[in-house]
Amino acid sequence: MLRISLFFCISIAVVAVVWAEPSPTPNQLVSHIPRQRVESSAIAAVGYSKRRHILEIEFVNGAIYRYLGVPSAVHRDLMSAESKAGFYDSKIRRHYRSVLVQPRQTSQFGN
């Protein structure tokens, strides 16, 4: 009887933990790359993983994209560019494979 009671209590605890913490939806990436805020009309923040050569860009509309195989020199040049959006358009966009981390945020007012 004690074994059944213990099993029941553990089962309740596991269900409570699973219920309390929602898991990411399937195929949703979770980013652990810290991003630094930048001054730009289109880009809100930039992060880079030197070890994995991954560049993450958070746009002002809330979208976050991960660019794969980006050399550290490209990240450095982006961060020092006078126009981050211009550098992105000419040197990153369509030059590196990208993966959507988070879609753009839609306004609750339909804008």
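A quick note: this is a predicted structure, and the numbers were derived from the prediction, not measured. In this chain, residues are counted from 1 in sequence order.
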Side chain proximity check, Ile43 to Lys84, heavy atoms < 4.5 angstrom: yes

Does Val60 share a hydrophobic cluster with Met79, counting links as ILVMFWY side-chain heavy atoms below 4.5 Å and allowing steps through other members? no

The criterion is side-chain hydrogen bond (donor to acceptor under 3.5 Å, both in side chains); which residues satisfy it with Tyr96, sequence neighbours excluded? none

Whether His95 side chain and Arg93 backbone form a donor-acceptor pair below 3.5 Å: yes

Any side-chain donor-acceptor pair under 3.5 Å between Tyr88 and Tyr67? yes

Just verifying a value: how many Å separate Phe59 CZ and Ser40 OG, rounded to the nearest 0.5 Å? 9.0 Å

Looking at every non-hydrogen atom in both residues, tell me the closest pair between Ala85 and Ala42 and how far apart they are. CB-CB, 4.0 Å

Any side-chain heavy atom of Arg35 sitting closer than 4.5 Å to one from Ile64? yes

Heavy-atom side-chain contact between Ile33 and Glu56 under 4.5 Å: yes

Quick one: CZ on Arg66 to OG on Ser49, what's the gap to the nearest 0.5 Å? 8.5 Å

Side-chain heavy-atom pair Gln102, Glu58 within 4.5 angstrom cut-off: no

Would you call Val74 and Ile92 a side-chain contact if the rule is heavy atoms closer than 4.5 Å? yes

From Ser72 OG over to His53 NE2, what is the distance, rounded to the nearest 0.5 angstrom? 7.0 Å

Are Val99 and Leu68 packed together at the side-chain level, in the sense that at least one heavy-atom pair is separated by less than 4.5 angstrom? yes

Taking all non-hydrogen atoms of both residues, which atom of Ser83 and which atom of Gly86 are closest, and how far apart? OG-N, 3.0 Å

With a 3.5 Å distance limit and no angle check, can you tell me whether Gln105 reaches the backbone of Pro103 through a side-chain donor-acceptor pair? yes

Among all residues two or more places apart in sequence or in another chain, which pass the side-chain hydrogen bond (donor to acceptor under 3.5 Å, both in side chains) test with Tyr65? none

With heavy-atom distances below 4.5 Å as the criterion, would you say the side chains of Leu78 and Lys91 are in contact? no

